[in-house]
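Structure record follows, encoded as structure tokens.
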Amino acid sequence: MNADELPTLRDELQTHGLWANKGLGQHFLLDLNITRRIAKTAGDLGGKQVIEVGPGPGGLTRALLEAGAHVIAIEKDARFLPLLEPLVKWSDGQLRIVHGDALEADEAALLQAGRAAVISNLPYNVGTPLLVKWLKAGPWRGDMTLMFQKEVAQRIVAKPGSDAYGRLAVLAQARCQARLEFTVPARAFTPPPKIASAIVTLKDRADPYPHLDTLERVTAAAFGQRRKMLRSALRSLTPDAEALLNEAGLEPTARAEEIDQAGFRKLADAWRARAA
Ligand code: SAM
């Protein structure tokens, strides 16, 4: 299967009279070299199930199909459905398009069985909520290869002590090994967004932290006032924040940005122990 035999994406957009809708975070990758690189970054996709959010004109979808993946692509914008129809035919049963909002999609039900990699050039406006949804997902969810705005990508992979380190890093790294693979300049997109983007891979870690909701709560409090000492910042969680920090074995004078993954796990465990 070679996507070079298909009409160009630019021609397809023109034929269907389609243009990008900013409200839906539409910035398209029309260069197959880039979409092929993204597919390659996801590893061997031969015969594997893939969930893609927002196929749009189908540039990344083409590369995924070419790599041998079985793709379920969820698109919110109905205007793209007629353009994607020939791709479904070309895929010979490897592509299914679902019209809907990915935030509300029940991926496990769509898949019916097995696991799926999640590979997407995400719409910027819903990239973070989608990531959090997938971090919490059940056993259907495999490794993720996702395009975000560069600044969001940096927040996902950030380490303690850096300005980018915050809730998103703690939540993402509680479940996954996160790696920023490469950046893509704004000019590679049609239309170009204001800033660059980056591809992040998120692979399940051997010891995922199970209580992500608790972690969301404690990190919201801790990073809500990130410049303050934790004994003050955590007062929005509990009036005896200092005691909670002692229970977690953490220094009450430490600041959120100094606490590593292990520290936040201890804090979330201490908070859970109180509720038990
Ligand atoms: N994959 C295409 C590419 O790389 O050229 C398009 C990527 S574009 C950044 C984001 C796509 O996500 C658009 O097609 C947009 O319509 C779609 N989209 C936006 N919000 C969505 C949502 N909540 N659920 C599903 N698709 C959505």
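We count ligands from 1, going down the list as the structure has it; atoms in each ligand are counted the same way.
At the shortest separation from atom 18 (N) of ligand 1 among protein heavy atoms lies P123 CG, 3.7 Å. Annotation: atom 3 (C) of ligand 1 to nearest protein heavy atom, N121 ND2, 3.5 Å. Protein heavy atom nearest atom 2 (C) of ligand 1, with residue, atom name and distance: P55 O, 3.2 Å. Nearest protein heavy-atom contact of atom 17 (C) of ligand 1 is E75 OE2, 3.4 Å. Scanning the protein for heavy atoms near atom 5 (O) of ligand 1, the closest one is L29 N, 2.8 Å. Scanning the protein heavy atoms around atom 26 (N) of ligand 1, the nearest turns out to be K76 N, 3.3 Å.
Note on R265 versus D207: salt bridge recorded, some NZ/NE/NH1/NH2 to OD/OE distance being below 4.0 Å. For the pair K159 and D260, the salt-bridge criterion is not met [side-chain N within less than 4.0 Å of a carboxylate O].
In this structure a side-chain-to-backbone donor-acceptor pair under 3.5 Å is missing from E52 to L60.
Residue V53 has no N or O atom closer than 3.5 Å to an N or O atom of ligand 1.
When non-hydrogen atoms are compared, ligand 1 lies under 4.0 Å from the backbone of L122 (N, CA, C, O) but not from its side chain. Of the heavy atoms in S120, none comes closer than 4.0 Å to ligand 1. With a heavy-atom cut-off of 4.0 Å, E52 touches ligand 1 through its side chain alone.
To the nearest 0.5 Å, atom OG1 of residue T253 and atom CZ of residue R231 are 6.5 Å apart.
Atom numbering of ligand 1 starts at 1 in the shown order; those under 4.0 Å from a heavy atom of G25 are 8 (S), 9 (C), 10 (C).
Of the candidates G56, G54, G23, G54 brings a heavy atom nearest to atom 1 (N) of ligand 1.
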